Amino acid sequence: MPASPDAFRALLSQPAAEAARRLIGCVLLRRVRGRSVAARIVETEAYLGAADPAAHVYRGRTPRTEPLFGPPGTLYVYFVYGMHHCLNVAVDGPGVAGCVLIRAAEPLPGSGLAKDACRGPGKLCRALAIDTRLSGRHLFERGGPLTLRKGRPPRRVAVSPRIGIRQAAGWPLRFYDADSPVVSAAPRAGISSGAAQRRRKP
DNA sequence: GCGACGATACTA
DNA sequence: AGTATCGTCGCT
């Protein structure tokens, strides 16, 4: 578990799968309107960059995805389904637009959040007041809106396929704290209802 | 301009 | 199984 900015930088400079695994247990610190809220990351997904059919950059570089090409620690926030924001962190080395999607976190005591307030990528962003205005900002800004802190390391990290995607559906790139009750979906969840909606034909 | 679609989550 | 609900992007 890293403690210094340099150690976090090193963590995020790894390939996405390794970075995603090692972010489990780290604490997100959100500063907004003079207040701070902290939550321990318990579920992540790795997106590998241009070689990953499920990654946003797979179909080319666009203005929206520009933060993914920034240095490790650059935030990429996008809006989906007309309702939800999703928080990602750019990782891996220069020229590789890998990222880690933060799917769930445990609010720390004193955060004022319900235990399940950060269960799922959309709810996490709502609870931490994260929207596209944070896209392009950086985790390592001093006193910035979103930073990393040391947290309790997980005892066991479990792996499963990523949730809610159709391309590269079987790739084992979802990581979660196997002892946390706050993961966004059952480890062996089948086809989600959302997937059924996306598959529906006109 | 237009339209298809999506790294969701809740309810039933 | 239904659905809220809109930004992004490729195409015209």
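It should be emphasised that the depicted structure is a prediction, and the values quoted were computed from it without experimental measurement. Throughout, protein chains are lettered first and strands after them, A, B, ... in sequence-line order, and every chain is numbered starting at 1.
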Counting side-chain heavy atoms from C-beta on, which of dA7(B), dG7(C), dC9(C) comes nearest to I165(A)? dA7(B)
Between OH of Y76(A) and P of dG7(C) the distance, given in whole Å, is 15 Å
What about H84(A): does its side chain form a donor-acceptor pair under 3.5 Å with the base of dA9(B)? no
Hunt down the Watson-Crick or G-U wobble partner of dA7(B), both distances under 3.5 Å, from any strand shown, or write none. none
When the distance from CZ of R59(A) to P of dG6(B) is rounded to whole Å, what number comes out? 9 Å
Is there aromatic stacking of Y81(A) against dG6(B), centre distance under 5.5 Å, plane angle under 30°? no
Would V42(A) and L87(A) show up in the same hydrophobic cluster when neighbours are defined by side-chain heavy atoms closer than 4.5 Å? no
Could you give the NE2-to-C1' distance, from H85(A) to dA4(C), as a whole number of Å? 14 Å
Go ahead and name the base partner of dT5(C); Watson-Crick or wobble counts if both distances stay under 3.5 Å, otherwise write none. none
Would R64(A) count as a cation-pi partner of F79(A), with NZ or CZ less than 6.0 Å from the six-membered ring centre and within 45° of the ring normal? no
Shortest side-chain distance from R166(A), nucleotide among dG6(B), dT8(B), dC9(C): dG6(B)
Is it the case that the side chain of R31(A) and the backbone of P145(A) share a donor-acceptor pair, with hydrogens and angles ignored and the cut-off at 3.5 Å? no
Between R64(A) and dC9(C), does any side-chain N or O lie under 4.0 Å from OP1 or OP2? yes
Output the rounded distance in Å from CZ (R126(A)) to C1' (dA4(C)). 12 Å
Tell me: NZ of K123(A) to C1' of dA7(B), nearest whole Å? 18 Å
Among the candidates dG7(C), dC9(C), dT8(B), find the nucleotide nearest to the side-chain atoms of R103(A). dT8(B)
Sorted by position of nearest nucleotide on DNA chain C, 5' first, the leading residue of M83(A) and T132(A) is M83(A)
Whole angstroms only, please: what is the CG-C1' distance between L124(A) and dA7(B)? 14 Å
Backbone N/O of R152(A) and side chain of R40(A): donor-acceptor pair under 3.5 Å: yes
Touch class at under 4.0 angstrom, heavy-atom based, for C99(A) against every strand present: base
Return the value, rounded to whole Å, for the distance between atom CD of Q167(A) and atom P of dG6(B). 9 Å
Quick one: R61(A) CZ to dT8(C) P, roughly how many Å, whole number? 17 Å
In terms of side-chain geometry, is the basic nitrogen of R61(A) or E66(A) positioned less than 4.0 Å from the acidic oxygen of its partner? yes
